[in-house]
Amino acid sequence: MSETLTDKIERSARSAADPNLCGCWACLADRDEVRTYMIVCPSCGNKRCPRASNHRLRCTGSNEPGQAGSVYA
């Protein structure tokens, strides 16, 4: 049986509550989860910071669009 969107949302909500799991865009994609909340950099709190997209990238402290590595290119 294939997983429905509702199943993915419920699984994503459980993962979001787990402090041991990363919530960056890359990790959500690796776990095949959907975004149910706004993803921001854990260091600076900006959504366009490359670290919000992938925790392996460095925090720029910037919310400027078009940053290399950001999903908001």
Side-chain angles (χ1 to χ4, degrees):
M1 180 169 74
S2 66
E3 185 176 44
T4 67
L5 179 58
T6 302
D7 294 333
K8 282 187 178 185
I9 291 171
E10 289 174 1
R11 184 166 40 87
S12 298
R14 286 191 301 274
S15 290
D18 187 339
N20 297 313
L21 293 177
C22 180
C24 73
W25 283 98
C27 288
L28 288 176
D30 289 347
R31 293 192 304 265
D32 191 30
E33 294 180 4
V34 294
R35 179 180 67 111
T36 58
Y37 50 87
M38 186 169 160
I39 299 171
V40 298
C41 172
S43 300
C44 69
N46 292 317
K47 74 175 188 177
R48 292 184 187 100
C49 177
R51 191 161 185 231
S53 299
N54 188 328
H55 70 270
R56 294 170 190 91
L57 300 175
R58 72 175 184 84
C59 172
T60 62
S62 173
N63 207 29
E64 290 296 317
Q67 295 183 67
S70 174
V71 297
Y72 295 98

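In this chain, numbering begins with 1 at the start of the sequence shown. Values in this document were obtained by computation on a predicted structure and should not be read as measured data.
- Not counting sequence neighbours, R35 has no partner by the salt bridge (Lys or Arg N to Asp or Glu O under 4.0 Å) test.
- Taking the side-chain hydrogen bond (donor to acceptor under 3.5 Å, both in side chains) definition, one finds that R14 meets it with nothing, sequence neighbours left out.
- At least one donor-acceptor pair under 3.5 Å links the side chain of N63 to the backbone N or O of R48.
- Residues passing the side-chain hydrogen bond (donor to acceptor under 3.5 Å, both in side chains) test with T6: none are found, sequence neighbours excluded.
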Intermediate values then yes/no, side-chain contact (heavy atoms from CB on, under 4.5 Å), L5 and V34: CA-CA 8 Å; L5 179 58; V34 294; 4.0 Å; yes
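- For residues 18-31, the salt bridge (Lys or Arg N to Asp or Glu O under 4.0 Å) pairs, not counting sequence neighbours, are R31-E33.
- Pairing each heavy atom of A16 with each of Y37, the nearest pair is CB-CE2, 3.7 Å.
- Across V40 and A52, no two heavy atoms sit closer than the pair C-CB, 3.6 Å.
- Applying the salt bridge (Lys or Arg N to Asp or Glu O under 4.0 Å) rule to K8 yields the partners D32; only residues at least two apart in sequence or on another chain are considered.
- Here CG of L21 is found 11.0 Å from OG of S12. Values are rounded to the nearest 0.5 Å.
- Checked by atom type and distance alone, the side chain of S53 pairs as donor or acceptor with a backbone atom of V71 at under 3.5 Å.
- The list of side chain to side chain donor-acceptor pair (under 3.5 Å) pairs with a residue in residues 64-73, not counting sequence neighbours, reads T60-Q67.
- Looking at every heavy atom in both residues, I39 comes nearest to C24 through CG2-CA, 4.2 Å.
- Every residue meeting the side chain to side chain contact (heavy atoms under 4.5 Å, CB included) condition with C59, not counting sequence neighbours, appears here in chain and number order: C41, S43, C44, C49, R51.
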